[in-house]
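Each chain gets a letter, A, B and so on, in the order the sequences are listed, and its residues count up from 1. All heavy atoms count here, side chains included; hydrogens, waters and symmetry mates do not.
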Number of protein chains: 2
Amino acid sequence: MDTKISYTGHPKILVATDCIVFGFDEGVLKILVFKRRIEPFKGEWSLIGNFVEEEESVTEAARRVLYQFTGLENIFLKELKVYSDVKRDSGARCISIAQYALIRIHDYDKGQVEGHGAKWFAMNELPGLVLDHNNMISDALDHLRQKATRKPIGFELLPEKFTIPQLQILYESIFQKKLDDRNFRKKVLSFDLLIKLDEKDKSTSKKGAFLYRFDYRKYKKLEKSGFNFVL
Amino acid sequence: MDTKISYTGHPKILVATDCIVFGFDEGVLKILVFKRRIEPFKGEWSLIGNFVEEEESVTEAARRVLYQFTGLENIFLKELKVYSDVKRDSGARCISIAQYALIRIHDYDKGQVEGHGAKWFAMNELPGLVLDHNNMISDALDHLRQKATRKPIGFELLPEKFTIPQLQILYESIFQKKLDDRNFRKKVLSFDLLIKLDEKDKSTSKKGAFLYRFDYRKYKKLEKSGFNFVL
DNA sequence: TCAAAAGTGTTGTACGTACACCCATGA
DNA sequence: TCATGGGTGTACGTACAACACTTTTGA
């Protein structure tokens with residue numbers, strides 16, 4: 001009747017973690033998925049995931065699978081939500097801790113991704129995924145939007161040097177709405193967290209757009225106060 | 001090497017849930033804790049918690065223990081964070097999903113609380129708790145503050161009928177700072193979610209303060225847009 | 001009658017929003 | 001020279017912050 005009377009007499013449960021891996025490429029937000037290798041639903045699209053082993057935390061398990069698939073370490077990773085419905089996985093009783101990751105899509109190891117049968121899909125071209133993975137994605141997107149309005153989270157998705165129009169397109173693609181260029185630029189610069197470089201990116205226009213770097217040092221100091229990047 | 005090659009060959013793990021139960025009483029925010037009944041740390045203060053059983057989700061496990069301790073159902077409950085460090089519990093490898101709950105402190109079943117050796121502590125008089133439970137509380141408080149600025153979460157903690165000064169004291173106690181009465185009242189009323197009653201509460205002043213009810217119906221309609229209750 | 005809490009309004013400032021034109025350049 | 005995307009400034013409205021006095025009533 002009482003709780004925690006003893007550690008014995010309680011079931012142990014399979015614990016997994018699934019990662020919603022966001023990347024930004026060709027002006028659209030993408031998600032990394034792969035073809036599941038075990039029954040049930042073998043061969044169907046799935047988020048990349050892992051079981052949590054004895055000697056690792058949930059975060060470590062997630063970083064392990066991220067490294068396997070992309071070759072990247074030090075990825076931005078944020079816990080999303082626990083999915084624990086008894087019937088969520090028809091293969092076995094298994095709870096999953098969903099986390100979302102933001103990666104610089106051009107940094108990853110392409111061979112490694114393809115070697116694992118993984119593929120990037122644009123948000124609006126996502127296939128149906130196994131189990132509750134589509135729910136996880138939609139929850140992650142809500143969360144990402146929330147977070148992106150308060151923290152300059154978008155920089156995790158861009159290359160180290162980027163232009164303001166690029167940043168704007170990223171935010172437009174996260175929020176699925178057009179933002180006003182003048183106001184966007186004004187606001188982004190007002191935080192004084194971008195360092196203007198002497199280089200221009202001429203790949204998208206003849207005039208060229210100045211490249212910027214994000215000032216992580218200054219950011220850390222301001223972190224507590226919060227941001228609002230959406231106009 | 002690959003992930004999820006099979007459901008077998010992966011460890012099963014003890015899964016628990018711990019609840020940070022907030023209540024508001026005598027003008028201060030309180031937390032419900034109880035004396036742990038199992039080794040290690042038997043007899044020390046602990047958050048109320050539960051192991052997750054085979055046939056229930058994490059949320060169900062939490063509601064089960066909340067019901068045991070307070071006799072209440074339909075409590076506001078929000079997932080906080082997963083604590084999964086390999087060494088977090090010296091009794092056994094066990095991950096815990098922390099959740100916080102908001103209850104109307106006068107609604108609960110006092111006999112039930114005391115029967116379980118549980119006790120309410122004011123936030124600033126909290127004893128040291130077992131394991132990582134003090135961390136859980138501090139994370140929960142951060143979360144509660146975040147949430148309280150965007151959602152009218154405070155109503156979960158007050159009795160059904162309450163006065164505006166009461167509501168203000170609650171927010172002051174959550175944020176640990178004085179708020180301006182005039183601005184607070186103005187803002188709270190501006191959402192148009194409070195229904196003024198014909199009764200007054202004279203327990204705290206000779207003049208008496210009008211009682212209000214929260215308009216849940218109207219709230220549900222506005223929910224998506226978000227709020228900002230802090231001035 | 002007075003102490004103690006409830007209740008009320010105004011004004012300055014900061015920030016968000018809406019909006020239109022010039023600039024630089026390569027083709 | 002012109003088409004294309006990059007870059008700039010202003011005016012308005014809304015929302016927050018700061019601030020002091022009047023009202024009610026039981027003791």
Whether [Y] and [X] form a salt bridge (side-chain N of Lys/Arg under 4.0 Å from carboxylate O of Asp/Glu) is what I want to check.
X: B/Arg104; Y: B/Glu156; value: no
X: B/Lys178; Y: B/Glu172; value: yes
X: B/Arg182; Y: B/Asp180; value: yes

Exercise. Can A/Ile103 and A/Leu157 be said to form a side chain to side chain contact (heavy atoms under 4.5 Å, CB included), step by step?
Worked result: CA-CA 5 Å; A/Ile103 86 171; A/Leu157 291 157; over 6 Å; no

For this session: Using the six-membered ring wherever Trp is involved, compare the ring planes of A/Tyr171 and A/Phe175 and label them parallel, tilted or perpendicular (cut-offs 30° and 60°).
Result: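 Plane angle under 30°, so parallel.
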
Exercise. Taking the six-membered ring for Trp, are A/Phe155 and A/Phe162 parallel (under 30°), tilted (30 to 60°) or perpendicular (over 60°)?
Worked result: tilted

Problem set entry | Paired stretches of DNA chain D - 3 or more consecutive Watson-Crick or G-U pairs, each distance under 3.5 Å |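 So far as stems of 3 or more pairs are concerned, DNA chain D shows C:1-27 with D:1-27.
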
Nucleotide [N], atom [atom2] - distance to [atom1] of [X] in whole Å:
X: A/Leu179; N: C/dC19; atom1: CG; atom2: C1'; answer: 15 Å
X: B/Leu167; N: C/dA6; atom1: CG; atom2: P; answer: 13 Å
X: B/Phe184; N: D/dA18; atom1: CZ; atom2: C1'; answer: 17 Å
X: A/Lys187; N: D/dT8; atom1: NZ; atom2: C1'; answer: 19 Å
X: A/Gln166; N: D/dG5; atom1: CD; atom2: C1'; answer: 13 Å

Taking N or O atoms only and anything under 3.5 Å, show me the protein contacts with nucleotides 8-13 of chain C, one pair per line.
unit_1, atom_1, unit_2, atom_2, d
C/dT10, O4, B/Lys186, NZ, 3.0

Exercise. Taking the six-membered ring for Trp, is the centroid-to-centroid distance between B/His116 and B/Phe69 below 6.0 Å?
Worked result: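 Under 6.0 Å, so yes.
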
Problem set entry | Close aromatic pair by centroid cut-off 6.0 Å: B/Tyr216 and B/Phe214 |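 Ring centres of B/Phe214 and B/Tyr216 closer than 6.0 Å.
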
Exercise. Any side-chain donor paired with an acceptor under 3.5 Å for A/Gln166 and A/Asp201?
Worked result: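 A/Asp201 and A/Gln166 do have a side-chain donor-acceptor pair below 3.5 Å.
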
Exercise. Is the number of heavy atoms from other residues, nucleotides or ligands within 6.0 Å of CZ (A/Phe121) greater than 12?
Worked result: yes

Exercise. What parts of residues 197-215 of chain A reach DNA chain D, counting only heavy atoms under 4.0 Å away?
Worked result: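 Only A/Thr204, A/Ser205, A/Lys207, A/Gly208, A/Ala209, A/Phe210 qualify.
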
For this session: Measure from NZ or CZ of A/Lys78 to the centre of the six-membered ring of A/Tyr100 and say whether it is under 6.0 Å with the direction within 45° of the ring axis.
Result: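 Here A/Lys78 fails the 6.0 Å and 45° test against A/Tyr100.
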
